[in-house]
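It should be emphasised that the depicted structure is a prediction, and the values quoted were computed from it without experimental measurement. Counting convention: from 1, in listed order, for ligands and their atoms alike.
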Amino acid sequence: MPDVRRIDQPPEPPDRESGGHKGTFGRVVVVAGSRGMSGAAALCGLGALRGGAGLVFVAIPDRIVETVASVEPALLTVPIPDDATGRFTASSLRPALDAISKADAVVLGPGIGQIDESRQFVRSVLDAFEGPLVLDADGLNAVASSGPPFDFGPGPRILTPHPGEFSRLTGRSIHDVQASRETSAIEFAKQTGAVVVLKGAGTVVTDGEQLFVNSTGNSGMGTGGTGDVLAGLLAALLGQGMSHFDAACFGAHLHGLAGDLSAAELTEPGMIATDLAWFLTRAWEVVLGEEG
Ligand SMILES: NC(=O)C1=CN([C@@H]2O[C@H](COP(=O)(O)OP(=O)(O)OC[C@H]3O[C@@H](n4cnc5c(N)ncnc54)[C@H](O)[C@@H]3O)[C@@H](O)[C@H]2O)[C@@H](O)CC1
Ligand SMILES: Nc1ncnc2c1ncn2[C@@H]1O[C@H](COP(=O)(O)OP(=O)(O)O)[C@@H](O)[C@H]1O
Ligand SMILES: [Mg+2]
């Protein structure tokens, strides 16, 4: 085991200044979605809203704007020019860069698909954005497809792979990844300088020097879209000023707690990702109650 400092407790929640307003609690921009996976963008946006962000913009392919907007009116939608199949393409880049130019935190990747144009789009957004960014799902797959050595761009990065995505990044089998979750995540974080959140039962969070293994969560969370909610939540925490390592630890804890509270009320098989986003409210209640 590499020499790391183990963190036993998640960090304190971010301060919420009493005179604060939507301009001070962070502007999150979610770059996500495609026709067929509009839900990934909506769920990610919901995670950011329930994570406490001041404003949440979803910068999404034009063809899915109405669908995503109809899920939650609190989301601001930014229509991005897309191709005929509702995916990001070369003409998406400039408008997407404009959309993220004033972001305090960005999510890139959920549900964008894996065609060559969307991969190139991911590469260009990563290279351009110097602020904090959560890279998830097809954002990770896009980088994995180019092979090592990996470059995740200039700013602070949180990578949120599940074991399948981590296997694509490392070229190791899912079985090998699962057999060495802590050491593999630490090694990858050291190599890349990113905070790695290796998801699944006992989510591992590391920056290569510190290690937190999350204890909340349950197998009811094995339902499509729960990871999208996490990506949005982490961006909201970054937007509220948490460091990328603290945001990742606290976010993994809060997300799993929402999963546990959701399962207690709705059952593990019965709960879905939208419930999880809603149950973030109850998870906040618990952690804010513990704080005082
Ligand atoms: N409503 C929506 O629009 C949704 C869209 N989604 C998008 O769908 C696309 C494909 O993502 P998927 O993650 O479904 O597909 P992937 O092919 O990336 O990963 C699924 C595979 O990864 C492995 N895996 C995942 N979690 C694991 C764990 N905890 N332990 C062991 N193995 C594990 C398994 O082999 C599993 O079959 C992404 O763009 C994603 O963002 C998903 O987020 C689901 C919801
Ligand atoms: N058995 C489990 N115990 C705890 N958490 C789990 C379990 N199964 C899945 N999760 C959590 O659910 C989320 C799933 O994310 P992901 O695989 O990206 O789903 P999706 O892409 O469908 O949104 C992760 O946060 C993961 O840690
Ligand atoms: Mg996912």
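- Grouping the Ile, Leu, Val, Met, Phe, Trp and Tyr side chains by contacts below 4.5 angstrom, directly or via other members, places Leu97 with Ile112.
- Nearest protein neighbour of atom 35 (O) of ligand 1, counting heavy atoms only, is Ile174 CD1, 3.4 Å.
- Under 4.0 Å is where a charged nitrogen must lie from a carboxylate oxygen, and between Glu209 and Lys190 no such pair does.
- Between Asp228 and ligand 2, at least one N/O pair is under 3.5 Å apart.
- Contact of the His244 side chain with the Leu238 side chain is registered, since non-hydrogen atoms from C-beta on lie closer than 4.5 Å.
- The protein atom (non-hydrogen) at minimum distance from atom 17 (O) of ligand 1 is Arg168 NH2, 2.9 Å.
- Contact annotation: for His162 versus ligand 2, heavy atoms closer than 4.0 Å belong to the side chain alone.
- Polar contact with ligand 2: present for Thr203 (N/O pair, distance under 3.5 Å).
- Looking only at protein heavy atoms, the nearest one to atom 11 (C) of ligand 2 is Met221 CB, 3.9 Å.
- Taking every heavy atom of Gln178 and a limit of under 4.0 angstrom, the matching atoms of ligand 1 come to 30 (N), 31 (C).
- One distance of note links CG of Asp138 with OG of Ser118; it measures 7.0 Å at 0.5 Å rounding.
- Which parts of ligand 1 touch Gly200 is read off a 4.0 Å heavy-atom cut-off, strictly below it: atoms 29 (N).
- Within the 3.5 Å criterion, the main-chain N or O of Gly193 finds no donor-acceptor partner in the side chain of Arg157.
- For atom 10 (C) of ligand 1, the nearest protein heavy atom lies 4.0 Å or farther away.
- Between Lys199 and ligand 1, a contact under 3.5 Å exists for no N or O pair.
- Every atom of ligand 1 with a heavy atom of Gly39 under 4.0 Å away is listed here by number and element: 1 (N), 2 (C), 3 (O).
- Short contacts between ligand 2 and Gly217, defined as distances under 4.0 Å to a heavy atom of the residue, involve ligand atoms 4 (C).
- Taking atom 8 (N) of ligand 2 as the reference point, the nearest protein heavy-atom neighbour is Gly222 N, 3.9 Å.
- Of all the atoms in ligand 1, the ones that sit under 4.0 Å from a non-hydrogen atom of Gly164 are 22 (O), 23 (C), 24 (N).
- Scanning all protein heavy atoms for the shortest distance to atom 39 (O) of ligand 1 gives Asp138 OD2, 2.5 Å.
- The protein heavy atom nearest to atom 41 (O) of ligand 1 is Gly111 N, 2.9 Å.
- Figure legend: Arg16 and Phe25 shown as a cation-pi pair, the cationic atom lying under 6.0 angstrom from the six-membered ring centre and within 45 degrees of its axis.
- Among Thr226, Asn218, Leu276, the residue whose heavy atom lies nearest to atom 13 (C) of ligand 2 is Thr226.
- For ligand 2, the polar-atom distance check against Lys199 finds a nitrogen or oxygen pair separated by under 3.5 Å.
- Of all protein heavy atoms, the one lying nearest to atom 15 (O) of ligand 1 is His162 NE2, 4.3 Å.
- Residues Leu140 and Arg168 form no side-chain contact, since every pair of their non-hydrogen atoms from C-beta on lies 4.5 Å or further apart.
- Under the 4.0 Å distance rule, the nearest protein heavy atom to atom 26 (N) of ligand 1 falls inside the cut-off.
- The shortest heavy-atom contact between Thr223 and Ile272 is CG2-CA, 4.1 Å.
- Here CG of Leu237 is found 7.0 Å from CG of Leu254. Values are rounded to the nearest 0.5 Å.
- Looking at ligand 1, you won't find any N or O of Asn141 less than 3.5 Å from one of its N or O atoms.
- Not a single heavy atom of Gly227 sits under 4.0 Å from any atom of ligand 1.
- Side-chain atoms of His162 and Glu165 form a donor-acceptor pair, as typed in the model, at a separation below 3.5 Å.
- Environment of CZ in Arg172: crowded, with over 12 heavy atoms of neighbouring residues, nucleotides or ligands closer than 6.0 Å.
- Residues Val125 and Leu93 form a side-chain contact, since some pair of their non-hydrogen atoms from C-beta on lies under 4.5 Å apart.
- Below 4.0 Å from some heavy atom of Asp228 lie the following atoms of ligand 1, by number and element: 4 (C), 41 (O), 42 (C), 43 (O), 45 (C).
- Put simply, the side chain of Asp136 does not reach to within 4.5 Å of the side chain of Leu108, judged on heavy atoms.
- Heavy-atom proximity to Gly224, at under 4.0 Å, picks out these atoms of ligand 2: 22 (O).
- Aromatic ring pairs are classed by plane angle as parallel below 30°, tilted from 30° to 60° and perpendicular above 60°; the pair Trp284 and Phe250 is tilted.
- A salt bridge between Arg6 and Glu182 is present, with a side-chain N of the basic residue lying under 4.0 Å from a carboxylate O of the acidic one.
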| Residue pair Arg63, Asp82: steps toward the salt bridge (Lys or Arg N to Asp or Glu O under 4.0 Å) verdict | CA-CA 7 Å; Arg63 280 170 178 75; Asp82 52 2; 2.5 Å; yes

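- Within ligand 1, counting atoms from 1 as listed, the ones closer than 4.0 Å to a heavy atom of Gly225 are 44 (C), 45 (C).
- Close N/O approach between Gly227 and ligand 2 is found [any backbone or side-chain N/O within under 3.5 Å].
- Salt-bridge formation is not detected for the pair Arg282/Asp260: no Lys NZ or Arg NE/NH1/NH2 atom is positioned less than 4.0 Å from an Asp or Glu carboxylate oxygen.
- Ligand 2 has a nitrogen or oxygen under 3.5 angstrom from a nitrogen or oxygen of Gly225.
- Nearest protein neighbour of atom 3 (O) of ligand 1, counting heavy atoms only, is Ala40 N, 3.0 Å.
- At under 3.5 Å, a nitrogen or oxygen of Gly200, whether backbone or side chain, sits near a nitrogen or oxygen of ligand 2.
- The nearest protein atom to atom 25 (O) of ligand 2, hydrogens excluded, is given as His255 CE1, 3.2 Å; this is a heavy-atom distance.
- Heavy atoms of Ala137 found under 4.0 angstrom from ligand 1 belong exclusively to the side chain.
- Scanning the protein for heavy atoms near atom 1 (N) of ligand 2, the closest one is Ser219 CA, 3.4 Å.
- Remark: minimum distance from atom 8 (O) of ligand 1 to any protein heavy atom is reached at Met37 SD, 3.2 Å.
- Those atoms of ligand 1 with a heavy atom of Pro110 less than 4.0 angstrom away are 41 (O).
- Polar contact with ligand 1: absent for Gly36 (N/O pair, distance under 3.5 Å).
- At distances below 3.5 Å, not a single donor-acceptor pair connects side-chain atoms of Thr89 with backbone N or O atoms of Ser91.
- Side-chain atoms of Arg87 do not come within 3.5 Å of backbone N or O of Glu117 as any donor-acceptor pair.
- Under a hydrophobic-cluster definition in which Ile, Leu, Val, Met, Phe, Trp and Tyr are linked whenever side-chain heavy atoms come within less than 4.5 Å, directly or via other members, Phe245 and Leu230 are assigned to the same cluster.
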